[in-house]
Amino acid sequence: MSVETTQTETKEKSLNFLEEIIETSIANGEPRVQTRFPPEPNGYLHIGHAKSICINFGLAKKYGGKCNLRFDDTNPVKEDTEYVDSIKEDIKWLGFDWAGEYYASDYFDQLYDWAVVLIKKGLAYVDDQTQEQIRETRGTISEPGTPSPWRDRSVEENLDLFERMRNGEFEDGAKVLRAKIDMAHPNMLFRDPIMYRILHTDHHRTGDKWCIYPMYDYAHGQCDSIEKITHSICTLEFDVHRPLYDWFIQALDIYPSHQYEFARLNLTYTMMSKRNLLKLVQEGVVMGWDDPRMPTICALRRKGYTPASVRAFAEMVGVAKRDNVIDLGKLEYCVREDLNKVAERRMAVLNPLKVVITNWEEGRVEMRQAVNNPEDENAGMREVPFSKVLYIERDDFMENPPKKFFRLCPGGEVRLRYSYLIKCEEVIKDEEGNIVELRCTYDPMSGDGSSSDGRRVKGVIHWVSADHAVKAEVRLFDNLFVTENPRDNSQGQASWEDNLNPNSLVKVEGWLEPSLKDAPVGQTFQFERVGYFCPDRDSSADHLVFNRTVTLKDTWAKINK
Ligand code: ATP
Ligand code: MG
């Protein structure tokens with residue numbers, strides 16, 4: 001067991017490191033907690049973002065503070081309102097509410113004014129070098145960079161040029177504004193980082209008002225400061241940016257927000273970055289951003305996950321300071337745990353075998369009482385029709401069963417869930433020898449759960465009435481990738497494209513008990529003995545479609561007991 005796991009498990013009692021930081025500042029007389037969740041609206045949120053959302057909104061809630069939603073929309077090229085809307089929907093679905101909704105673009109004027117302040121202080125200059133030249137002259141870890149020939153322009157000239165950049169006098173890439181820090185700094189980010197670049201591109205909110213856009217490092221801390229964020233929480237890869245974050249705030253002498261980093265969530269069999277997810281969508285590998293095989297929040301929702309299960313998962317993986325990869329099984333464990341408590345039970349047969357009850361009167365239908373959820377006494381009962389012709393799961397019958405097979409076999413007896421005991425009297429086969437039907441008799445005295453002579457029957461199987469069952473397309477999902485690390489290229493040139501699972505989606509025809517005909521999209525059920533399923537948004541009255549949320553089998557819990 002790794003150290004990381006031990007920390008996670010003891011977390012319930014002790015505080016995580018972010019809570020420790022907050023409690024220390026409360027003890028030091030700063031009780032205010034103001035966090036923010038800062039997505040870039042360039043894609044749909046994924047399970048990694050869900051973790052960040054739970055941390056930011058969760059900490060604010062725990063300490064009586066507030067959490068803002070701030071769209072980090074400083075790059076007009078990749079951003080879109082479609083993404084803004086989906087992000088808002090996903091956060092709400094997860095059960096969180098933001099104190100304020102802000103956009104980095106709301107602060108463009110202020111950020112521009114502050115850039116002017118830095119120019120006037122001699123801390124920023126306009127550079128005519130191309131971005132490529134700038135990259136080439138940055139030096140290396142062991143060698144200092146080369147100062148730009150434009151580094152010592154006068155304040156007046158810089159003010160003039162920066163204004164003309166804003167006014168659209170120059171083409172994309174012709175000039176940039178750089179902070180004037182130290183071309184020999186050991187932290188490469190301090191070697192005169194770019195603050196603004198020219199982009200003659202319309203922005204989804206500011207339209208054509210701007211043709212210069214701030215870079216992340218210049219914008220982020222200042223946006224935090226404007227909103228008086230006390231704890232700016234981000235992922236570990238930003239730790240090298242923290243000194244620069246502080247540098248701008250100090251140079252401008254504005255509200256001192258502070259940045260804290262935690263390890264980003266990685267999951268086995270899962271690709272997380274929006275850039276790659278967009279590729280999956282664009283190349284048609286999946287049906288869209290909400291394809292249930294995607295790790296996006298909208299996909300989890302479509303697949304039948306509950307918000308509580310995603311929050312429980314975020315809680316379970318905890319907050320770590322070191323990068324690690326979490327077993328996807330943990331996420332599935334969390335959804336099973338929650339659905340077991342809240343999902344109503346139904347019966348459905350995914351691989352049908354016809355059963356005829358020979359001693360049942362033709363045309364007779366009996367409504368059987370079924371428990372909706374044994375874990376929830378308020379969930380009530382429902383009626384399930386029982387009749388002469390039934391479907392059972394093909395796997396629940398074996399012609400030559402091994403010793404401990406307690407389901408149906410020739411001459412054997414089994415209990416039908418919420419119904420009678422049946423005995424297999426005859427096996428009917430087609431010309432090729434395939435079993436096509438079982439002829440059975442039922443014990444009329446066994447309807448109350450007993451049997452006519454007190455004999456005991458071990459097996460219980462589920463069933464549906466053939467005349468009453470509704471047909472549905474059932475989508476069985478599996479991991480999108482066959483390798484734990486989708487980008488594993490240890491086998492030579494392999495890329496994630498080579499690691500795709502050809503069986504990640506298998507469609508079967510299932511027969512469902514009739515009450516499922518009107519099941520609403522958004523409700524997940526347990527198909528008894530089969531798994532958890534929910535109606536897909538593609539489902540219609542003429543063509544029912546159900547998604548498998550997760551199987552019943554829980555390999556992760558077993559391995560880790
Ligand atoms: P990606 O690289 O997956 O596209 P991103 O970091 O570019 O994600 P942003 O929209 O910039 O996405 O992220 C918003 C917030 O979510 C940031 O604070 C970021 O640190 C956090 N975040 C992103 N990915 C993860 C992850 N895998 N685990 C935890 N937090 C994450
Ligand atoms: Mg980003």
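In listed order, ligands and their atoms are each counted from 1.
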| Parallel, tilted or perpendicular for Y245 and H220, by the 30°/60° rule? |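 Taking H220 first and then Y245, their aromatic rings sit tilted (interplane angle of 30° to 60°).
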Quick check with a 6.0 Å cut-off and a 45 degree axis cone: is [X] positioned over the face of [Y]'s six-membered ring?
X: K321; Y: F17; result: yes
X: R205; Y: Y103; result: yes
X: R166; Y: Y112; result: yes

Short N or O distance, [X] and ligand 1, threshold 3.5 Å exclusive:
X: E237; answer: no
X: H46; answer: yes
X: N42; answer: no
X: H49; answer: yes
X: G48; answer: yes
X: L265; answer: yes

Should you measure from each heavy atom of [X], which atoms of ligand 1 turn up under 4.0 Å away?
X: S52; result: 16 (O), 21 (C), 30 (N)
X: T235; result: 19 (C), 20 (O), 29 (C), 30 (N), 31 (C)
X: F262; result: 29 (C), 30 (N)

| said: Just to be sure I'm reading this right: ignoring hydrogens, which of K51, E261, E40, R264 gets closest to atom 24 (N) of ligand 1? Compare them by their nearest heavy atoms. | reply: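 Looking at heavy atoms only, the winner is R264.
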| request: Could you name the option among P39, S273, C54, P41 that has the heavy atom nearest to atom 14 (C) of ligand 1? | output: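 Closest candidate by heavy-atom distance is P39.
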| Check: F481 ring centroid to Y269 ring centroid under 6.0 Å | no
| task | Determine, using ring centers only, whether F162 and Y196 are less than 6.0 Å apart. | result | yes
| Pair R336, S309: side-chain N/O donor-acceptor within cut-off below 3.5 Å | no
| query | Take atom CD in E132; do more than 12 heavy atoms of anything else shown fall under 6.0 Å from it? | reply | no
